[in-house]
Protein chains: 2
Amino acid sequence: MPSVTLSDVAREAGVSLATASRAINGSANRTVRPELRDRVLAAAAALHYSPDANAQAMARGRTTTIGLIVHDIADPYFSSIASGVTAAAEQAGLMVTLASTGHDPEREIAFIEVLQSQRARAIVMAGGRTDDEAVNDRLRAALAAYRAGGGAVAMIGQPLFDVDTVVIENAAGAADLAGALHGAGYRRFAALAGPAGHLTARDRMDGFTAGLAAHDAALARDHVVRSAFTRDGGYEGMRQLLESGAAVDVVFAVNDVMAVGAMAAARDAGVAVGTGIGIAGFDDIVTLRDLTPSLTTVRVPLLEVGTAATELTLAEPAPEPRVQQVASTVVLRDSTPPRN
Amino acid sequence: MPSVTLSDVAREAGVSLATASRAINGSANRTVRPELRDRVLAAAAALHYSPDANAQAMARGRTTTIGLIVHDIADPYFSSIASGVTAAAEQAGLMVTLASTGHDPEREIAFIEVLQSQRARAIVMAGGRTDDEAVNDRLRAALAAYRAGGGAVAMIGQPLFDVDTVVIENAAGAADLAGALHGAGYRRFAALAGPAGHLTARDRMDGFTAGLAAHDAALARDHVVRSAFTRDGGYEGMRQLLESGAAVDVVFAVNDVMAVGAMAAARDAGVAVGTGIGIAGFDDIVTLRDLTPSLTTVRVPLLEVGTAATELTLAEPAPEPRVQQVASTVVLRDSTPPRN
DNA sequence: TTGTACGCGTTATCAA
DNA sequence: TTGATAACGCGTACAA
C-alpha cells in the first residue's frame, strides 16, 4: 500500500504541489505551461498516481456520489429504475451508492443518515410509501436534515414529501386500463388490491374504480381482495377470489408480479387465463413479456423514471418542489382477449 | 449548509476535540468518563452532528465502501447477485457502490479506477468474461493496480484473474442436465450455444456435451446454433433451428432468458413447448418461475453467490487466490416432460 | 482520563 | 504562470 500521493508526483516532476494539482485536474481558470503540465502528467503516469477521492471531497467540499435507495434491488421494478439511475449518474460523472432496504423504513432512515455522512450530492428514493404517519414523519425529518446540509433529493412515487418527485401516473393509467377492458367487452370486474395503506396500490385502485365509474361500471365490494404486493400475494388473493365463487370476467392486479401469481392460481384451479378469466397487471415488467398468455398491463417507463429522478436532483434547486409526471400507457395483450 | 463539525460538538460540550471523537466513535481502548460521554452525545444530538465519512476515511486510512461491477443491473441475473452483495455489505457495515457497465470492458476498467480513487475496500466483479486476451490483460492490470493499493477483489464466474473467485458450476450443472434429459427419454438434442468467445456459454456447452457423451449421446454439429446471450438471441436461434428442419426432441439454451426467447419462437412457429419440443435453460431466474409451461433449468443460487463473493473480499487475504465452488442443481419442470 | 498537536491528501487563497 | 501555505474534518500518538 505504498499509496503514491500528489506530493510524490510533484517532487518527481520537480514542481510544486499546487502546480501538480492544477496540471492534473486542469483547475478552472488557472492554467499551467504545457511543458510543465506534460512533465507532471508523465510523472503521474510513471508513479501510477491515483487521486484520493476522499481527500478531493474534503478539499472541494463536495463529493461525486449519489445515493439510491430502493426496497429490493432483486425486484425487476427497482432494478429497472436502478438501471436508469446508474446510466444518468455515469453521464454526469457520478458514482451510485446503492441501498436495498427490504421494505424496512428504519433501514431507509438509517441509509439516509449514512448517505448524509458520505456527503452524497443527492439521494434518489424509489418505492411506494405507506400511510403510516409516524414513520413518514421520521423519514421527513431525516430528509430535511440531509437537505439542510445541501443535499438534493428526488422521490419516485407519490409527491408527499415536499421534495422533487417523479410521479408515475398510477391513477390515470389504471383508469385507462379500466376503460380499455370495458371497451373489450368486460363487465364483471374484480381486483387484487394489494395491502391496505400501500399508496401505490391505493392510487391504482382509485384510478381503476374511477375508470369503471366513467363507464357506469363498478367493482362489487366482495370482488376486491387485499393481499401482499408480491407474487405470492397475487396467488393467494386469486385463490380466495376463485374460492368465493364470485362471478367475474376479469381481474385487475395492482402490479405485474401479483398478476403472475394470479395467473398461476387460476391455472392451479383449472381456470383458463384469457378464455376463462381475464387478468391484467400494472408496470409492464420486461422479463414478464413472454408469459403465456401474454399479460395485459399498464406500461411504466421505469428506466426513464430513474433517469428523470436523477436529473431532477442534479438540476438547479427550485424554490418549489418540482413534480414530474411520467405517462403510463395501456398495453392490451392475450390475457384479456376481446369479449363479445 | 452550516455543516456542524466535531469541533462544534466539542465546544458545545465543553470538552476537547479528542474527547469528543472518543466519546462518539468509542475509540478502541481509550475510554471516556460516562458523564463527559453523555454530555458529548447530548451536544451532538442537539447540534444534529453528522460525522463526515470522507474526513473519517482520510484520518483512518480506510473507507467503508465496497464496489460492485455488473454488466447490467436490470438483468435479473445480476440484480439477484446485487441483492446478495448489498445484504452481506450491510451486515458488515459497508456501503455498496454500484456500476453497471452495459457489457463494455472499457467501462469496467474505468470503474475499477474510480473505485480505486474512492479507496473502496473491496471490489466484487460479476459477469462472464470473454476470451479477448487484449482486454483481459488491461483488466488484469487495472485489478493489479487496485490490489497493490491494498484493495481486495472477488470475481464471480471463471477463475481466470488470479483473484478470489466464486465459481459457478456451469459445466457440472449442464452435464447433470444432459443426464437428466437423457434419463427422461430425450435422444435428439440441440443447443442454443450463445456467442462464440463467451466463457460462461462455453463452459455450459462443454458440460452439456460431456454429459451427453457419458450416455453415449451427442449433439449433431448442425444442431448447435450460435446467437446472442439474450432473450432475442434465444428467439433468433430457435427460429433458425426450427427453420432448418432439424429433427430435435429437446433444446438446451445456455441461459434462462435465451430459453424464454426460444419458447416464444417455438410458439410463433406453431410448435408446442413440452409436448412438441422440450426446452431447458440455465440459472433458474426467480421471475421466470411462472412461465407456462414451467421451464426446466439448472438452479444457481445467485443471492448466495453474491454474499459469498462479498465475504471472500472481507476475509483475511490469503496467500493463494481462493476458489469457492457454488453447486448448481437440475430442476426438471414441464418444459421437458418425460418422453417415452 | 483528558487535552495538545500533528498528519491524512487535496484544493484554494494569496503573494511573488 | 508558479509556489508557499492555510484550510477541510477527523483520528490518534504523545504528553499531561
Side-chain angles (χ1 to χ4, degrees), chain A residues 1-41 43-44 47-65 114 116-120 149-150, chain B residues 1-41 43-44 47-64 114 116-121 149-150:
Chain A
M1 2 221 274
S3 180
V4 17
T5 77
L6 191 54
S7 306
D8 299 331
V9 175
R11 187 173 341 106
E12 175 81 7
V15 301
S16 78
L17 186 58
T19 305
S21 172
R22 296 194 268 252
I24 284 186
N25 75 13
S27 168
N29 34 22
R30 257 63 180 115
T31 159
V32 172
R33 179 156 42 109
E35 176 194 331
L36 278 193
R37 193 172 45 75
D38 292 348
R39 230 160 66 202
V40 172
L41 262 35
L47 298 179
H48 299 299
Y49 170 68
S50 166
D52 185 320
N54 293 297
Q56 291 183 318
M58 273 203 52
R60 292 206 248 251
R62 69 199 146 78
T63 62
T64 137
T65 296
V114 174
Q116 182 175 13
S117 267
Q118 231 82 286
R119 302 295 186 259
Chain B
M1 2 224 269
S3 181
V4 16
T5 77
L6 190 55
S7 305
D8 299 332
V9 174
R11 185 172 345 102
E12 175 81 7
V15 301
S16 77
L17 214 171
T19 304
S21 171
R22 296 194 267 253
I24 285 185
N25 74 15
S27 166
N29 33 24
R30 255 66 178 115
T31 160
V32 173
R33 182 155 41 109
E35 176 194 331
L36 279 192
R37 193 172 47 74
D38 292 348
R39 231 162 63 204
V40 172
L41 263 34
L47 298 179
H48 300 300
Y49 170 67
S50 166
D52 184 321
N54 292 297
Q56 290 184 317
M58 272 203 51
R60 290 206 251 251
R62 67 200 149 77
T63 62
T64 140
V114 174
Q116 182 175 14
S117 266
Q118 230 81 289
R119 302 296 186 258
R121 267 211 214 169

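Here the structure is a predicted model, which is why all the values come from computation and not from measurement. Naming convention: chains lettered A, B, ... in sequence-line order (proteins, then strands); numbering from 1 in each chain. Side chains included, hydrogens not; waters and symmetry mates left out as well; all remaining heavy atoms used.
Here D/dC10 is the nucleotide among D/dC10, D/dG3, C/dT11 with the atom lying nearest to any side-chain atom of B/A55. Set against C/dT11, D/dG9, D/dG11, the side chain of B/R60 has D/dG11 as its closest nucleotide. Here the nucleotide nearest the side chain of B/A18, chosen from D/dC8, D/dC10, D/dT12, is D/dT12. With D/dA4, D/dG11, C/dT11 as the choices, the nucleotide that has an atom nearest any side-chain atom of B/A59 turns out to be D/dG11. The listed nucleotides are D/dT2, D/dG11, C/dT10; the one nearest the side chain of A/V32 is D/dT2. Of the candidates C/dT11, D/dC10, C/dT10, the closest approach to any side-chain atom of A/S21 belongs to C/dT11. Of the candidate nucleotides C/dT11, D/dT1, D/dG9, D/dT1 has the atom nearest to the side chain of A/R33.
For the pair B/V40 and B/V9, the tightest heavy-atom approach, listed with the atom from each and the gap, is O-CG1, 3.7 Å.
Within the nucleic acid shown, A/L17 comes within 4.0 Å of at least one base atom, counting heavy atoms only.
Going from atom OG1 of B/T63 over to atom CD of B/Q56 covers 11.5 Å, rounded to the nearest 0.5 Å. Interatomic distance, B/L17 CG to B/L6 CG, rounded to the nearest 0.5 Å: 5.0 Å. Note that the CZ atom of B/R22 and the OG atom of B/S16 stand 6.0 Å from one another [nearest 0.5 Å].
Rounded to whole Å, the distance from CG on B/N54 to P on C/dT11 is 13 Å. Between the C1' atom of D/dC8 and the CD atom of A/Q118 lies a distance of 17 Å, rounded to the nearest Å. One can place CE of A/M58 at 12 Å from P of C/dT10, the figure rounded to the nearest angstrom. For A/R39 and D/dT1, the CZ to P distance is 16 Å, given to the nearest whole Å. Distance CG (A/L6) to P (C/dC8): 14 Å, rounded to an integer number of Å. When the C1' atom of D/dG11 is taken as reference, atom CD1 of B/I24 falls 13 Å away, rounded to whole Å. Atom CG of B/D52 and atom C1' of D/dA7 are 14 Å apart (whole Å).
Considering only side-chain N and O atoms, B/T5 lies nowhere under 4.0 angstrom from the phosphate OP1 or OP2 of D/dG9. Between D/dG9 and B/Q56, no contact under 4.0 Å exists linking OP1 or OP2 to a side-chain N or O. Phosphate proximity of D/dA4 to A/S16: absent, as no side-chain N or O sits under 4.0 Å from OP1 or OP2.
Side-chain atoms of A/R22 come within donor-acceptor range of the base of D/dG3, with a qualifying N/O pair under 3.5 Å.
For the residue pair B/S50 / A/R119, a side-chain donor-acceptor distance below 3.5 Å is found, with atom types taken as modelled.
Where B/R119 and B/V15 meet DNA chain C, the nucleotide closest to each residue was compared, and B/V15 sits on the side nearer the 5' end. Nearest-nucleotide mapping onto DNA chain C: of B/P34 and A/Y49, the residue sitting toward the 5' end is B/P34.
Between the A/N54 side chain and the B/A55 main chain, no donor and acceptor come within less than 3.5 Å of each other.
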